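Remarks on the structure that follows.
Small disclaimer: the values here were computed from a predicted structure and weren't measured. Ligands are counted one by one from 1 in listed order, and the atoms in each one are counted from 1 as well.
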Amino acid sequence: MASTIIRVHDLHKKYGDFHAVKGISFEVMEGEIFGLLGPNGAGKSTTLEIIETLRTKTSGLVEVAGFNLDESPNEIKKIIGVQLQTAGYYPNLNLTELIALFSGLYNQKTDPVELLSLVNLTDKSKAKFKELSGGQKQRFAIATTLINHPRIIFLDEPTTGLDPQARRNLWELIQFIRAKGTTVIITTHYMDEAEVLCDRVAIIDAGKVIALDTPDALIDNLVATGFERPKQVKNANLEDVFINLTGHQLRSEN
Ligand code: ADP
């Protein structure tokens with residue numbers, strides 16, 4: 001039985017008079033892909049950034065790997081991988097140089113060749129960040145979260161704006177990272193993404209957790225209420241056509 005690696009209890013965040021997070025509680029188990037799922041404005045990023053030590057909370061308890069956020073934020077920073085703002089990608093440096101720079105900042109020994117190969121960007125090692133496609137940019141951003149060999153990585157809407165192939169490639173990468181033992185916490189407003197990728201999801205709406213379970217259990221519970229989806233008339237959809245025509249394989253422009 002996996003142990004709890006993140007514990008959030010009765011978390012609140014107010015921006016002035018606006019109550020954005022209204023008593024959120026959940027636990028993330030070590031080694032799982034946990035999703036915070038909800039519409040724009042639900043409070044997902046706020047919750048994530050509080051756990052990442054990037055935003056202050058109004059009240060509530062947050063523990064990461066047994067470290068209390070109020071007492072040991074620096075211990076937490078050491079074991080988590082956070083996506084850097086793209087503004088931090090110095091425009092004159094190529095991908096290899098950027099990884100070397102970040103490794104130095106983190107005081108870590110990281111082999112840029114190995115890391116770029118992990119995220120399938122070997123052939124872009126001498127390219128600048130701005131020269132990458134949307135999917136490549138996201139894969140590079142994920143690579144940067146791995147520089148300090150974290151136990152947990154945080155991904156905030158990593159596939160927003162990507163085409164279907166690039167999304168699927170990113171899902172595979174996230175699953176691969178988890179298979180190597182890293183816990184992943186991800187926010188998304190794509191339901192299909194959460195269904196494919198997440199072991200468990202917390203559905204957040206207007207600052208509250210309104211459901212928390214495995215995608216399968218959430219769907220089974222709905223079906224048990226007598227809910228029935230309108231009958232599917234076709235066995236494929238336009239996305240299937242697109243993927244089938246353009247290929248599943250990772251392409252360099254992704
Ligand atoms: P999500 O990630 O689910 O889209 P956010 O956590 O970004 O939601 O935002 C939750 C709510 O808090 C939104 O209504 C947003 O406008 C508000 N909000 C977020 N950041 C700030 C801020 N710095 N100041 C004021 N309101 C904010």
Give a yes or no on whether the backbone of Tyr190 and the side-chain of Glu193 come within a donor-acceptor separation of less than 3.5 Å. no
Is the shortest side-chain N to carboxylate O distance from Arg151 to Glu30 below 4.0 Å? yes
Rounded at 0.5 Å granularity, tell me how far CD1 in Ile186 sits from CZ in Arg178. 11.5 Å
Tell me whether ligand 1 is touched by Arg55 - counting only heavy atoms on the residue side and a distance under 4.0 Å. yes
May I ask whether atom 26 (N) of ligand 1 is less than 4.0 Å from at least one protein heavy atom? yes
Looking only at distances, can you tell me whether any N or O atom of Lys44, backbone or side chain, sits closer than 3.5 Å to an N or O atom of ligand 1? yes
Are Asn148 and Phe102 packed together at the side-chain level, in the sense that at least one heavy-atom pair is separated by less than 4.5 angstrom? no
Hydrophobic cluster membership, Leu93 vs Phe129, 4.5 Å side-chain cutoff: yes
Hydrophobic cluster identity match, Leu37 and Ile24, side-chain contacts under 4.5 Å: no
When you measure from atom 10 (C) of ligand 1 to every protein heavy atom, which one gives the shortest distance, and what is it? Gly41 O, 3.4 Å
Among all protein heavy atoms in this structure, tell me which lies nearest to atom 8 (O) of ligand 1, with the distance rounded to 0.1 Å. Gly43 N, 3.1 Å
Sub-4.0 Å protein heavy atom near atom 15 (C) of ligand 1: no
Can you list the atoms of ligand 1 that are under 4.0 Å from a heavy atom of Phe18? 11 (C), 12 (O), 14 (O), 17 (C)
Can you tell me which residue and heavy atom of the protein come closest to atom 9 (O) of ligand 1, and the distance to 0.1 Å? Thr46 OG1, 3.8 Å
Residue and atom name of the nearest protein heavy atom (relative to atom 7 (O) of ligand 1), distance in Å to one decimal: Ser45 CB, 3.7 Å
Just jot down the ligand 1 atoms closer than 4.0 angstrom to any heavy atom of Pro39, in number order. 3 (O)
Joint cluster assignment, Leu118 & Leu116, ILVMFWY side-chain distance < 4.5 Å: yes
Considering only protein heavy atoms, which is closest to atom 18 (N) of ligand 1, and at what distance to one decimal place? Tyr15 CE1, 3.3 Å
Would you mind running through ligand 1 and noting each atom that sits below 4.0 Å from a heavy atom of Asn40? 4 (O)
The atoms of ligand 1 lying under 4.0 Å from a heavy atom of Ala20, numbered in the order shown, are 11 (C), 12 (O)
Check: Lys44 side chain, Pro39 main-chain N or O, donor-acceptor pair, under 3.5 Å: yes
Subset of ligand 1 atoms that lie under 4.0 Å from at least one heavy atom of Ala42: 1 (P), 3 (O), 8 (O)
Any donor and acceptor pair, going by atom type alone, linking the side chain of Thr96 with main-chain N or O of Lys126 inside 3.5 Å? no
